[in-house]
Amino acid sequence: MRSQPKKLKIYYVGPVVHGSLSAQRAMIMKRLGHSVTIQNIAIRVGQNKNQLKNRLLAKLKLAQHRKKLNAQIISAIKNDNFNILWVDKGLDILPSTLHEVRLNNPNVKIVNFNPDNPFGSKATGWKNHINSIPYFNIVFVPRDRNIAEYKEHNAQHVSRFYWGYTPEIHMPLYISSELKNRIGGSVGFIGSYEKQRFDYLLYAAQNGIRIRVWGGGWSKYRLKSKNLIIENRELWGGYFTKGINSFDVNLCFLNKANFDTFNTRCVVIPACRSVMLCERTKDTTKYFKDNSEAMLFDSKDEFLSKLQYLTQNHAARDNMKNNAYNRCQKDKYSNYHLIINLLNQVNKN
């Protein structure tokens with residue numbers, strides 16, 4: 001494992017809820033021996049039958065939450081000697097807060113880790129974040145195009161990261177036949193609705209491939225094909241990993257609105273020693289050998305033909321998932337190596 005930076009005192013601001021990627025990053029920092037104080041920015045708004053009341057309640061609660069959150073950050077950095085203020089995404093953190101943090105503690109490194117794309121085609125609610133960009137010592141982003149976009153908004157330093165897996169969570173599991181029948185099957189996709197995803201899934205289903213889909217936003221598409229089983233529910237927590245382990249073939253689609261070329265599933269599925277059929281990009285080709293460690297596609301016909309091959313060839317699936325799992329270990333795709341690399345960059349910046 002790459003050498004770690006010295007033990008750091010980190011004030012970690014993010015949506016640290018059970019099962020979240022943010023919670024995994026905070027946990028890993030602690031397990032690497034750093035002192036981590038967590039400020040959870042997740043907010044829950046109660047539901048009311050009246051939609052107008054819902055919106056007003058959400059707006060009021062968000063305003064109160066934002067005011068309290070920013071005051072807590074200022075107070076924490078002022079009253080303690082933190083090395084790093086780490087912000088996961090942080091839409092509700094104000095530029096004035098980061099300005100005051102810098103005045104109160106000029107030595108603290110202000111870091112932003114942003115898994116999303118504030119410059120994407122459907123990006124909304126990013127005003128505070130974009131205005132805060134000049135205050136971050138370094139911004140970590142998961143796509144190449146964001147580097148130039150952040151620099152255009154006066155970022156001090158921008159660095160690309162690649163998604164990893166968390167070994168304690170994403171691992172091969174024994175799956176009983178009862179559980180496989182309940183949540184798995186031959187071919188599965190775990191993720192939210194997007195039109196391109198539906199078009200590909202329906203095309204395969206109409207050509208005889210039986211596919212089970214978990215995730216939100218699919219309710220309108222439940223009866224489009226007898227071979228397309230739409231659960232329209234999420235697989236939360238440990239059931240996400242169990243779900244991956246419950247399918248013979250896992251499908252991986254990228255977020256087009258975010259212009260993604262790589263996502264968490266690209267590495268989590270192989271880390272579970274499971275077979276992955278994924279969109280072909282420069283990044284997925286770099287991480288896994290096509291037809292050996294994963295199968296990649298960039299057209300409907302290739303998608304269908306590779307699905308047909310995989311569903312009919314048990315030995316090929318076994319070889320592929322073992323090769324992919326070994327690649328994850330050999331090339332150190334875990335989040336432990338990712339976090340060590342990012343903190344080393346913060347130290348050098």
Side-chain angles (χ1 to χ4, degrees), residues 4-46 56-116 118 125-141 150 153-159 339-340 342-349:
Q4 291 192 57
K6 64 179 182 180
K7 301 310 179 193
L8 299 166
K9 195 167 187 178
I10 302 169
Y11 192 72
Y12 190 104
V13 181
V16 184
V17 294
H18 178 69
S20 71
L21 295 174
S22 185
Q24 291 174 38
R25 286 188 285 275
M27 174 198 74
I28 288 170
M29 289 178 185
K30 287 183 176 181
R31 291 189 175 182
L32 289 171
H34 303 294
S35 172
V36 182
T37 300
I38 294 174
Q39 175 64 57
N40 183 13
I41 61 175
I43 180 172
R44 298 178 68 89
V45 179
L56 292 173
L57 177 63
K59 190 173 182 179
L60 176 62
K61 194 164 186 178
L62 181 60
Q64 294 172 338
H65 169 76
R66 183 182 294 123
K67 182 178 180 180
K68 182 178 179 181
L69 167 66
N70 283 271
Q72 288 173 326
I73 293 171
I74 291 170
S75 176
I77 301 300
K78 184 178 182 179
N79 295 316
D80 210 332
N81 190 27
F82 288 99
N83 303 114
I84 295 174
L85 168 57
W86 178 287
V87 178
D88 255 28
K89 196 171 175 177
L91 273 67
D92 295 319
I93 295 174
L94 303 175
S96 58
T97 296
L98 300 182
H99 176 69
E100 191 160 349
V101 163
R102 177 66 65 222
L103 292 176
N104 290 335
N105 187 347
N107 295 320
V108 71
K109 302 287 184 69
I110 306 178
V111 178
N112 183 249
F113 181 99
N114 189 7
D116 289 327
W126 288 94
K127 181 180 178 181
N128 288 327
H129 174 81
I130 290 173
N131 290 336
S132 296
I133 289 173
Y135 292 98
F136 295 113
N137 292 96
I138 188 167
V139 180
F140 294 115
V141 297
Y150 268 91
H153 288 79
N154 300 314
Q156 296 182 41
H157 188 75
V158 191
S159 179
I339 293 299
I340 290 171
L342 299 188
L343 291 179
N344 275 325
Q345 288 187 58
V346 174
N347 270 353
K348 291 177 182 178
N349 179 41

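Because the structure is predicted, anything quoted here is derived from the model rather than measured. Worth knowing before you read on, the calculation uses all heavy atoms, side chains too, and leaves out hydrogens, waters and symmetry mates.
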Quiz prompt | Worked check of side-chain contact (heavy atoms from CB on, under 4.5 Å) between Q345 and V111 | solution = CA-CA 10 Å; Q345 288 187 58; V111 178; over 6 Å; no

Exercise. Ignoring hydrogens and angles, tell me if any N or O in the side chain of N105 forms a donor-acceptor pair with the backbone of V101 under 3.5 Å.
Key: no

Exercise. With side-chain contact (heavy atoms from CB on, under 4.5 Å) as the test, would you mind laying out the steps for V108 and N137 before giving the verdict?
Key: CA-CA 9 Å; V108 71; N137 292 96; over 6 Å; no

Practice problem: Please name all residues satisfying side chain to side chain contact (heavy atoms under 4.5 Å, CB included) with T37, sequence neighbours left out, ordered by chain then number. | Solution: Y11, F82

Practice problem: With side-chain contact (heavy atoms from CB on, under 4.5 Å) as the test, would you mind laying out the steps for F140 and V346 before giving the verdict? | Solution: CA-CA 10 Å; F140 294 115; V346 174; 4.0 Å; yes

Quiz item: Are any of the side-chain heavy atoms of W86 and L343 separated by less than 4.5 Å?
Solution: yes

Exercise. Check step by step if side-chain contact (heavy atoms from CB on, under 4.5 Å) holds for S22 and Y12.
Key: CA-CA 9 Å; S22 185; Y12 190 104; 3.3 Å; yes

Quiz item: Can you name the closest pair of heavy atoms from S20 and P15 and give their distance?
Solution: OG-O, 3.2 Å

Quiz item: Which heavy-atom pair separates L94 from S132 by the least distance, and what is that distance?
Solution: C-OG, 3.8 Å

Exercise. Scan residues 98-112 for pairs that pass salt bridge (Lys or Arg N to Asp or Glu O under 4.0 Å), counting only residues two or more places apart or in two chains.
Key: none

Quiz item: Between V36 and A26, what is the shortest heavy-atom contact and its length?
Solution: CG2-O, 4.4 Å

Exercise. Indicate the atoms forming the closest heavy-atom contact of V16 with N40, along with that distance.
Key: N-OD1, 3.0 Å

Quiz item: Which distance, rounded to the nearest 0.5 Å, do you find between the OG of S35 and the CE of M29?
Solution: 12.0 Å

Quiz item: Rounded to the nearest 0.5 Å, how far apart are CG of N104 and CD1 of I74?
Solution: 7.5 Å

Quiz item: What class does the angle between the rings of Y150 and H129 fall in, given that below 30° is parallel, 30 to 60° is tilted and above 60° is perpendicular?
Solution: perpendicular

Quiz prompt | CD1-NE2 distance between I28 and H34, expressed to the nearest 0.5 angstrom | solution = 11.0 Å

Practice problem: May I ask you to check whether over 12 heavy atoms, not counting those of K78, lie within 6.0 Å of atom NZ? | Solution: no

Quiz item: Any side-chain heavy-atom pair from W126 and N114 closer than 4.5 angstrom?
Solution: yes

Exercise. Could you tell me the separation between the CD1 atom of I77 and the CG atom of N107, rounded to the nearest 0.5 Å?
Key: 12.0 Å

Self-check item: Inter- and intrachain pairs under salt bridge (Lys or Arg N to Asp or Glu O under 4.0 Å), touching residues 9-25, at least two apart
Solution: K9-D80, R25-D88

Quiz item: What are the two closest heavy atoms between I93 and L69, and how far apart are they?
Solution: CG1-CD2, 4.2 Å

Practice problem: Work out which heavy atom in H153 is nearest to a heavy atom in I133; give both atom names and the distance. | Solution: O-CG2, 3.5 Å

Exercise. Answer whether the closest heavy-atom distance between the side chains of F136 and L98 falls below 4.5 Å.
Key: yes

